[in-house]
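When a ligand or atom number is given, it counts from 1 through the structure's own listing order.
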Amino acid sequence: MSQAGVRSAPDFWGVLSEWDGIGAVVRYDRPTGAWIFVALHDDTLGAPTGGCRMKVYERPEDGLWDALRLAEGMTYKWASIGFDFGGGKSVLAIPHPLEGAERAGLLRRFGALLNTLSGSYNAGEDLGTTPDDMQIVAQVTPHVVGLDPSGGKPEDPGPYTALGVFVGIQAALEHRFGSAELAGRSVLVQGVGDVGAPLATSLAAAGAEVLVVDLNAERATAFAAEVGGRVVDASAMFETECDVYAPCAIGATVNPSSIPLLRCAVVAGSANNQLLSDADAQALKDRDILYAPDYVINAGGAMAFALIHQGVSDEGVLRERVSSLRGALAEIFREADTEATTPLAAARSRVDRILHERRQQDPR
Ligand code: NAD
């Protein structure tokens with residue numbers, strides 16, 4: 001698969017000057033050589049809250065850029081799903097994969113930094129971090145969301161995110177084809193990890209043909225066999241005919257290079273920042289491809305974490321609430337049609353309305 005057109009971040013100052021959030025906390029972790037970035041985008045609805053990503057980046061600037069963009073996405077996500085949290089995200093930009101005592105040490109120092117911020121930011125699990133990692137952070141600081149209230153192991157958000165994407169795909173199919181039926185539909189899932197795997201399993205169980213792409217060829221082959229799907233070569237991914245392209249791996253796969261190649265009717269997946277830029281939403285509309293805004297369709301895990309934080313622990317209740325994303329997306333698709341705009345613009349104007357109203361009530 002070509003990632004042509006994907007932009008890398010400018011230098012530190014360039015990255016920060018392009019961003020209009022509250023601010024960022026930057027710390028170099030000398031023992032591991034990792035950079036810790038905590039990005040605080042907006043606190044209109046509440047304390048900035050979002051996942052902690054651990055990843056090897058080519059340059060620290062790329063990690064900071066990721067944190068800032070993801071924090072902004074969290075502002076829109078919380079507003080879209082009606083929770084009183086603000087937009088925040090953290091990135092542990094590690095120099096190489098960390099294990100054992102080295103990894104635990106970084107996580108503890110990250111937790112100590114959160115204590116210094118006194119609740120100005122709450123962290124949760126994200127790409128590259130695990131429930132075990134968040135338990136280590138939680139030994140040091142109370143500013144962690146997604147923990148089992150009984151003090152057990154933190155929840156894995158993946159299955160809840162997958163459920164949200166599943167119902168989001170149903171909403172998109174219904175809007176695009178007049179029926180949410182999955183039998184007879186084909187869905188290309190890029191990335192069969194924490195979200196993509198349970199998503200693909202549910203899609204296959206509902207009768208969809210599942211096409212699998214994963215950087216990890218062994219995982220792709222084993223997983224496709226498990227769900228009765230088919231592996232697609234990454235280099236031919238965009239040109240592969242399917243009803244739905246579900247990006248569940250990395251961001252910015254939908255960009256000016258890939259859009260002309262797409263042979264799908266719907267783009268609906270879990271990846272954050274699926275579009276390289278907002279202009280890509282119009283390019284998809286021009287090609288009559290329905291796009292489910294990423295920060296809405298992938299909100300299931302965040303929603304479950306927020307509910308757990310509020311004391312909801314019944315799995316049936318959590319799944320029911322996450323399934324409400326289907327209705328939220330259906331409304332966004334309808335609004336986009338009524339306003340002759342893109343679903344991304346419709347989702348964004350709802351968010352802007354919500355934030356505006358709250359700022360009017362609580363002028364600072
Ligand atoms: P993961 O790391 O568990 O799985 C990612 C999978 O994608 C892996 O199997 C990996 O091999 C594969 N992959 C990575 N790069 C690839 C590429 N270039 N081409 C094909 N396959 C590739 O991650 P996850 O938790 O499943 O998250 C997937 C995406 O969804 C991420 O963008 C993440 O930010 C987003 N997301 C996840 C959650 C969640 O609850 N985990 C919530 C919201 C958004």
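- Between the His41 side chain and the Thr75 main chain, no donor and acceptor come within less than 3.5 Å of each other.
- Heavy-atom contacts of Gly191 reach the following atoms of ligand 1: 6 (C), 7 (O), 12 (C) (cutoff under 4.0 Å).
- Where the criterion is an N or O separation shorter than 3.5 Å, residue side chain and backbone included, Ala249 meets it with respect to ligand 1.
- When Asn298, Leu215, Thr253 are checked for heavy-atom proximity to atom 17 (C) of ligand 1, Leu215 turns out nearest.
- For the residue pair Asn298 / Thr161, no side-chain donor-acceptor distance below 3.5 Å is found, with atom types taken as modelled.
- Listed by number with element, the atoms of ligand 1 under 4.0 angstrom from any heavy atom of Pro157 are 40 (O).
- Connection of Val140 to Leu117 is not established within any shared hydrophobic cluster, with ILVMFWY side chains joined at heavy-atom distances below 4.5 Å, either directly or through further cluster members.
- Donor-acceptor pairing under 3.5 Å is lacking for the side chains of Thr130 and Asp132.
- Near Cys248, meaning under 4.0 Å from any of its heavy atoms, are these atoms of ligand 1: 28 (C), 29 (C).
- Which of Asp194, Leu70, Asp294 comes nearest to atom 3 (O) of ligand 1 through a heavy atom is settled by distance: it is Asp194.
- Taking the six-membered ring for Trp and thresholds of 30 and 60 degrees, Trp78 and Phe85 have ring planes inclined between 30 and 60 degrees apart.
- In terms of polar-atom proximity, Val195 is counted as a contact of ligand 1, with an N or O under 3.5 Å from an N or O of the ligand.
- You'll find the side chain of Arg350 reaches within 4.5 Å of the side chain of Glu335, heavy atoms only.
- Using a 4.0 angstrom heavy-atom cutoff, Gly301 does not count as in contact with ligand 1.
- Atoms of ligand 1 found under 4.0 Å from any heavy atom of Gly158, numbered from 1 in the order shown, are 40 (O).
- Residues Arg287 and Leu262 share a closest heavy-atom pair of NH1-O, 2.8 Å.
- More than 12 heavy atoms of other residues, nucleotides or ligands shown are found within 6.0 angstrom of CD on Glu239.
- Here's the thing with Arg53: one of its N/O atoms is less than 3.5 angstrom from an N/O atom of ligand 1.
- At a 4.0 Å heavy-atom cut-off, ligand 1 touches Ser270 through backbone and side chain alike.
- Of the polar atoms of Arg219, at least one N or O is found under 3.5 Å from an N or O of ligand 1, judged by distance alone.
- A donor atom on one side chain and an acceptor atom on the other are not found under 3.5 Å apart for Thr44 and Arg358.
- In Leu127, the part holding a heavy atom less than 4.0 Å from any atom of ligand 1 is the side chain.
- Of the candidates Asn216, Thr130, Asp214, Asp126, it is Asp214 that places a heavy atom closest to atom 11 (O) of ligand 1.
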